[in-house]
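Presented below is the structure to which this report refers.
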Amino acid sequence: MDDIVDLVTRSLADETAAAFTERVDEQAMQLRRAIEAGEFDNEAFSVGLEIELYAINAEPDPPEPDDAEDSEEATEADLDDDLSGSSEAAWSGSLDAPAEPENGGGASLEPNGGGVSLEPDEGDPLEPAGDESLDQDTGDAADESDDAFGPGEGPSLDIDPDSPLADDEPETPENEADPAVESSVEEEDDEPYMDPEDWEGRLTRLPDVVFEGEANKELGLHNAEVNTKPNSFDQTGMEVQTTAVEMQTKQARQQASKHNCELVLDAMWTIPPEEGSKEYLSAHEMNDGVVLADNMRQAPRYVALDNEALDHAGGSINFDVPGYSGSFPTILFESLATSIQPHLQIPDAAAFPEYYNAAIRTLGPLLALSVNSPFLPADMYGDTDGEWLCETTHHELRIAAFEQSVNTSENPKVRVPQDLDDTTDVVGRVVDDDLFAPFLREFLHDDDRTEFEDDFWEFDHKRGTYWRWLRCVVGGAPVDGASTEKSLRIEYRPLPTQPHAKDMIGLQALTVGLIRGLVVADHPVAELPWQEARRSFYNAADDGLEADLSWVTAQGERTADHDAIYDEVFEYARLGLAEQDISEARIDEYLGPIKARYDAGMTPSDWKIARVREYLDDGDDLSTAIQSMQRDYIAASREHYSFEEWL
């Protein structure tokens, strides 16, 4: 712990800021020249996906043995863990698809379809019959554990898995005992230490052993992330993405299930941990003037970012949403939120602004389709009137949670980005962004800079704190048949985690297909004023599918009509997917579940609000209604294949 405090102190020192800024300026100049020289042009489009989850108690935990102690010693790996906000390790991998069955089926999104399916596997002993299938990874994940994706980003604090700054080593020293998961008493005397109604669905901390598989560490001790390796944006690549989402999510859940935990596909936890939500999110200690949040991963970068944000905020950070107003002594309330983040690599560097500016106009409509976080943890509302809350709450509280947790400096770091005029602007914007918690490479590495990623280590570190809802990632690991390590890609950050793998694949396909389709068709959507695109985004966060949205049609006409907007959203997503040689049948599989929720006028957030209202009508108080809704959500996610089936 002393080593972490020392690193954080060095990070926040004035001399570090000066040296770091000088290096970032030099590296940025090199990147601009390389982009202008065509060195960031590539062969083909690529896609990838990041998925964040949180952990709950899966069954009553037995009492911990009296001699169980947590080690406070930091290993060398701890100090190099999760230090960058990049995404390149999640941007590596083969374009080869898994071997197909003899009947020719590929990755399937339908029950009983050929090949790997996203449907429940009734024979899986680790999940209830009818649970969402996330079949065991048949690839080489076990052989690649040293290169496994590290903790990801957004709306997290972007400790990206793909950067040289983010080696995902276990935080637990090798000589520390594994967390106890079995009681020392006889089985017939083994009783839960609290009533099942009290533990069911409660937020819980994940033991480090869970991260030996596909799950990667995130900001909170309850957080986890899985990432697909990137693939070419074509039918084979999308089928591999489908299989990867399924297999890696299932593997992570299986690993957690061995330790009395369940990883939940959801956008915000609402059943509090045993000590209470405010207590969990606020618990901290001071060590030589450094704030150390008890339930935050003790990676130096996380701790440094926390202390930087707190310093700007004057020691506490305000959080204000409908039904709750308070402050926290740490940024950890950002960990309320979990997201999915599609990535789209653009092979033509000169065309990047066209894709980026079109993507900004899609933020509102796509967020409105995907909203899934209308409630905070139930115990944060106090005596708030339930009916009033259901009427006024935001459909996406994640947006406010992330923005308010780290927007403490003079220039807000989390916001809708401005349009790009030139591709090299993506470099300049990182340079001009407020500096948060800089590290110098020699703080963590004593070897020479020999690789491309080493040459831009400090720039990549700063880019990791450039928290826009849409941003460019400069550089990444090569993708076979598509790109070198010199690449440019859009990271699409505002979408919440969805109830099923099928829904997440659908949103990934809708997002990358729409951006591609708008540009290939020369659609005039970018003529929508930026202010209107920004307004649409925040309206969607507040009001979901009922939001006042703005769009420019293919005929160049401004419209706020939802049917006109979403007719084009799905039309041009289909066009973009078809342009990448994805078959009509596959397009139907990907987009069908998302189109169904629009046709029904029901998002996951709408479902949650309606469920809480039902419990309130039955006479439950607000806290009970929210927790009952959450248990229903978890049960439905086990019993169905996609949110479409909940409708």
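Positions are given from 1 along the sequence. Computation of the quantities below employed the complete heavy-atom set of this structure, encompassing side-chain atoms and omitting hydrogens, waters and symmetry-equivalent molecules.
- Put simply, the side chain of Lys608 reaches to within 4.5 Å of the side chain of Asp266, judged on heavy atoms.
- In this structure Tyr492 satisfies the ring-ring contact (aromatic ring centres under 6.0 Å, His included) test with no other residue, sequence neighbours excluded.
- Residues meeting the ring-ring contact (aromatic ring centres under 6.0 Å, His included) test with Phe570, sequence neighbours left out: none.
- Using a 4.0 Å cut-off between charged side-chain N and carboxylate O, Asp434 and Lys462 make no salt bridge.
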(message) Walk me through whether Asp632 and Tyr615 qualify under side-chain hydrogen bond (donor to acceptor under 3.5 Å, both in side chains).
(response) CA-CA 11 Å; Asp632 289 347; Tyr615 283 110; 2.6 Å; yes
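- Partners of Glu532 according to the salt bridge (Lys or Arg N to Asp or Glu O under 4.0 Å) rule, which considers only residues two or more places apart in sequence or in another chain, are Arg535, Arg558.
- Remark: Glu391 CD is loosely packed, at most 12 non-hydrogen atoms of other residues, nucleotides or ligands lying under 6.0 Å away.
- Residues passing the ring-ring contact (aromatic ring centres under 6.0 Å, His included) test with His222, sequence neighbours excluded: Trp269, Tyr280.
- Using a 4.5 Å heavy-atom cutoff, the side chains of Gln508 and Ile505 are in contact.
- Within the structure, ring pair (Phe, Tyr, Trp, His ring centres under 6.0 Å) contacts touching residues 354-376 (residues at least two apart or in different chains) are Phe45-Tyr355, Phe352-Tyr356.
- Remark: Arg597 does not engage Asp606 in a salt bridge, criterion side-chain N to carboxylate O under 4.0 Å.
- Listed by chain and residue number, Trp646 satisfy the ring-ring contact (aromatic ring centres under 6.0 Å, His included) test with Tyr633 (two or more places apart in sequence, or in another chain).
- Between Arg429 and Asp433 there is no salt bridge, since none of the side-chain N atoms of the basic residue sits less than 4.0 Å from a carboxylate O of the acidic one.
- Counting non-hydrogen atoms of other residues, nucleotides and ligands closer than 6.0 Å to CD of Glu546 gives a total of 12 or fewer.
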